[in-house]
**Q** 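The structure is given below, and queries will be raised subsequently.
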Amino acid sequence: MAAVDGTSEVLIIEDDALLARLYVEQLRMAGIAATAVGTAAAAFERMTHTAPALVLLDLTLPDANGLDILADLRHRGRGCDVVVVTAHGSVNVAVEAMRAGAHDFLVKPFAPERLVVTVRNALALGTLARLVDRIGERASYCGMIGRSLVMQGVYRIIEGASQSRASVFITGESGTGKELAAEALHTRSPRAAGPFVALNCAAIPRDLMESEIFGHVRGAFTGAHADREGAAMRAHGGTLFLDEVCEMDLALQGKLLRFLQTGSVQKVGSGTTERVDIRVVSATNRDPLTEVDAGRFREDLYYRLHVVPIHLPPLRERGDDVLLIARHLLGELTTLEGKRFKGIVPAAEAALTAYRWPGNIRQLYNVLHGAIVLNDGEMLTLEMLPAVVREAESQAVAPAAASRPIGPAAPAAIEPPPLLDFEPVDDDDDEADELLAGSGTRIIPLWQVERAAIERAIRICDGNVPRAAALLGISASTIYRKRQSWAVADVDGTTVEM
Ligand SMILES: Nc1ncnc2c1ncn2[C@@H]1O[C@H](COP(=O)(O)OP(=O)(O)OP(=O)(O)O)[C@@H](O)[C@H]1O
């Protein structure tokens with residue numbers, strides 16, 4: 001047999017010539033290459049030369065039964081996905097086709113948008129599945145735990161991008177592992193022996209930022225007692241990771257852009273430039289294009305940094321990865337704390353799976369850390385988890401009972417102090433407590449409640465912002481950023497953007 005070339009084409013097998021033409025047109029208008037044949041024989045003939053990326057298969061053809069063709073496609077292992085098309089009223093056949101390996105089905109008549117969305121989804125999933133096939137399924141990669149399909153895609157992109165010098169832009173909610181991904185890009189790259197320098201653009205005061213990145217010469221500003229190298233210089237031969245890059249001051253964004261264009265660093269207060277060889281990886285937990293649209297992030301810089309995009313999905317979209325990560329962290333934290341935990345009981349696993357983890361893996365780490373510190377035993381039980389996580393389990397298992405008090409079955413004696421709830425520690429807390437509890441019918445703006453919660457956590461942690469952030473399940477940089485906007489609001493009396 002002649003070699004079969006793979007294409008990105010959709011092959012439509014439809015005996016109604018008018019419909020076939022219509023599908024081809026609708027897909028082409030959406031930018032998807034498609035071609036149509038009217039019989040199974042013609043389809044197989046075509047497939048001896050070219051393997052389509054996807055087959056759109058009408059289940060009622062003149063020369064063969066659609067289900068037989070499906071079996072034949074799978075039997076011959078042509079590696080393409082199949083979306084079946086059935087007549088109205090024969091959904092059971094579609095279900096049978098899905099069982100036989102079809103990827104999806106469409107019931108006639110369907111709107112053009114439905115056709116395009118179904119085909120696009122099937123193509124995207126097929127691409128991911130092929131990537132997974134190529135790299136083999138991994139349960140972890142460079143310290144990132146996760147076996148889900150979405151994470152296999154992330155590993156694949158990191159693996160590919162690590163070999164190049166192209167700028168990588170990582171997006172994802174706080175705590176999804178953006179820094180870990182940046183480190184993976186570095187350790188898998190030919191620059192691995194060089195330095196990895198991380199700079200959190202939100203955690204450094206704006207007026208010090210330029211010197212942090214580019215360095216300064218002695219006397220450049222008050223307090224500049226000696227020459228100092230900036231992060232760009234320290235990352236020479238390695239990788240510079242700019243975390244929370246969207247927080248960077250607009251004026252400094254211009255300087256960063258010039259640096260990226262020229263590869264030359266100019267220290268604050270210096271008249272000379274020095275060349276450096278670095279690879280830049282940036283990250284943000286904001287939507288960068290919204291920041292561009294709002295005029296807070298330079299479009300030219302965005303395109304300069306956004307050569308290879310990587311999106312880290314939130315933990316709640318990674319399926320069973322939450323348990324893989326939880327079991328891994330349980331082992332790590334058990335050793336760290338000198339405890340005896342060996343596993344997690346099914347009810348606790350159900351809660352960990354059902355909870356939405358707004359603070360993602362960082363929050364999961366903190367929840368488990370708290371549970372391990374505060375409890376003893378060999379198994380982590382539901383009662384050891386904070387109320388907010390237990391509640392998710394009860395809602396998932398028995399939605400009708402969701403409003404009943406949480407955890408009544410847990411004997412009071414073994415109820416641990418919930419990790420996320422603290423007792424007030426001093427009188428300064430009165431105001432915060434009142435705000436957090438609400439008083440009477442007064443409705444308190446959400447930002448004030450949030451501010452009270454954050455300030456209270458910082459007080460309880462004796463001013464230790466990173467610790468307060470960890471316990472709140474957010475990043476320290478988020479706290480610094482919010483504090484900055486409160487300070488502005490305090491001065492000019494405005495309200496705060498959430
Ligand atoms: N897939 C993973 N497996 C195991 N641990 C992970 C994974 N992803 C992240 N972590 C851990 O979760 C914590 C948060 O990760 P990281 O700091 O990389 O997140 P981030 O997205 O950069 O957060 P932020 O936006 O707040 O800066 C770290 O302790 C990291 O080691």
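Just follow the structure's listing: the first ligand is 1, and inside any ligand the first atom is 1.
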**Q** Any salt bridge linking Glu244 with Arg286? Criterion: basic side-chain nitrogen under 4.0 Å from a carboxylate oxygen.
**A** no

**Q** Using a 4.0 Å cut-off to any heavy atom of Gly143, which atoms of ligand 1 qualify?
**A** 3 (N), 4 (C)

**Q** Is any NZ, NE, NH1 or NH2 atom of the basic residue among Glu229 and Arg234 found under 4.0 Å from an Asp or Glu carboxylate oxygen of the other?
**A** no

**Q** Could you tell me which atoms of ligand 1, counted from 1 in the order shown, lie closer than 4.0 angstrom to a heavy atom of Ile145?
**A** 1 (N), 2 (C), 3 (N), 4 (C)

**Q** Can you tell me which portion of Asn285 lies within the under-4.0 Å heavy-atom range of ligand 1? Options are side chain, backbone, both, or neither.
**A** side chain

**Q** If you compare all heavy atoms of Leu385 against all heavy atoms of Ala351, which two are closest, and at what distance to 0.1 Å?
**A** CD1-CB, 4.1 Å

**Q** Taking the minimum heavy-atom distance to atom 22 (O) of ligand 1, which of Glu179, Glu244, Met144, Met151 ranks first?
**A** Glu179

**Q** May I ask whether Gly175 has any heavy atom positioned less than 4.0 angstrom from an atom of ligand 1?
**A** yes

**Q** Quick one: which ligand 1 atoms are inside 4.0 Å of a heavy atom on Gly177?
**A** 8 (N), 9 (C), 15 (O), 16 (P), 18 (O), 19 (O), 20 (P), 21 (O)

**Q** Not counting sequence neighbours, which residues clear ring-ring contact (aromatic ring centres under 6.0 Å, His included) with Phe214? List them please.
**A** Phe259

**Q** Check if Ser140 has a non-hydrogen atom at a distance under 4.0 Å from any atom of ligand 1.
**A** no

**Q** With a cut-off of 4.0 Å, which atoms of ligand 1 are near a heavy atom of Ser174?
**A** 24 (P), 25 (O), 26 (O)

**Q** So which bit of Asp243 gets within less than 4.0 Å of ligand 1, heavy atoms only: side chain, backbone, both or neither?
**A** side chain

**Q** Salt bridge or not between Glu332 and Arg327? Use side-chain N to carboxylate O under 4.0 Å.
**A** no

**Q** Would you call Asp320 and Arg147 a salt bridge, taking side-chain N to carboxylate O under 4.0 Å as the test?
**A** no

**Q** Which residues pass the ring-ring contact (aromatic ring centres under 6.0 Å, His included) test with His306, not counting sequence neighbours?
**A** Phe169, Tyr302

